[in-house]
Amino acid sequence: MVLLQQVQKEFRQVEAGRSQASMDKVLWKGGKREGLIERTLVFIKPEAVIRGLMGGIISRIERRGLTIAAMKLLQPTRVQAENIYEVHKGKSFYESLVEHIASGPILAMIVEGPNVVSFVRNMIGSTDPLEARPGTIRGDFALDVQKNIIHASDSLENAGKEIPIFFKPDEILDYRKR
Ligand code: IDP
Ligand code: MG
């Protein structure tokens with residue numbers, strides 16, 4: 001039994017090494033990666049900035065092999081907060097959510113990589129921390145559904161709408177393309 005567990009553990013390590021290697025290959029392929037790379041908007045919410053969780057969260061993103069193409073610590077305006085949560089307008093929690101986000105500070109970033117929308121959504125975990133699995137950001141750091149630590153776009157289409165709310169094109173760096 002112990003031997004089986006050891007073999008399984010080694011197998012998982014080999015698999016993890018392989019996927020890291022193949023991801024690096026994709027990321028460093030130069031011009032050929034065009035079409036494979038997606039961008040998503042992520043921001044660390046005020047409660048997490050205030051709790052000093054920024055470094056730990058950034059570290060998880062870097063460790064996963066994703067690229068941070070832009071980053072900004074900011075005090076969002078009311079309009080920026082409304083625009084980010086436009087789809088929730090009219091819901092019972094909308095007003096309090098917008099007010100909370102606009103209270104700032106937030107750390108906004110653009111994260112880049114193959115299938116980044118899905119990778120980051122999996123890393124942040126379910127919206128309600130009660131349902132978020134341990135090992136996810138919300139599953140490890142949050143208790144409250146509104147103050148659930150982090151935002152990430154839920155589709156490429158929404159990422160395309162959300163990125164310009166916080167970033168101008170010349171603030172986005174393309175440093176992995178060389
Ligand atoms: P998501 O952040 O996982 O994409 P959404 O359903 O898009 O979740 O909701 C946006 C944000 O609104 C959540 O991250 C959370 O802060 C807040 N929220 C969602 N549902 C509730 C709720 O039932 N009560 C209070 N806040 C909520
Ligand atoms: Mg959402």
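First listed ligand is number 1; within each ligand, the first listed atom is number 1. Side chains are part of it too, since the values below use all heavy atoms of this structure and drop only hydrogens, waters and symmetry mates.
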Salt-bridge present (Arg51, Glu47; N to O < 4.0 Å):
no
Does atom NZ of Lys168 have more than 12 heavy-atom neighbours from other groups under 6.0 Å away?
no
I'd like to know whether the aromatic ring centres of His88 and Tyr94 sit less than 6.0 Å apart in this structure.
no
Restricting to pairs with a member in residues 130-140, which pass side chain to side chain donor-acceptor pair (under 3.5 Å), not counting sequence neighbours?
Arg60-Asp140
My understanding is that only residues two or more places apart in sequence, or in another chain, count here; which of them pass side chain to side chain contact (heavy atoms under 4.5 Å, CB included) with Glu99?
Glu95
Shell of residues surrounding ligand 1, defined by a 4.0 angstrom heavy-atom cut-off that is strict:
Lys45, Tyr85, His88, Phe93, Leu97, Arg121, Thr127, Arg138, Val145, Gln146, Asn148
Just grab all the side chain to side chain donor-acceptor pair (under 3.5 Å) pairs involving residues 113-130, residues at least two apart or on different chains.
none
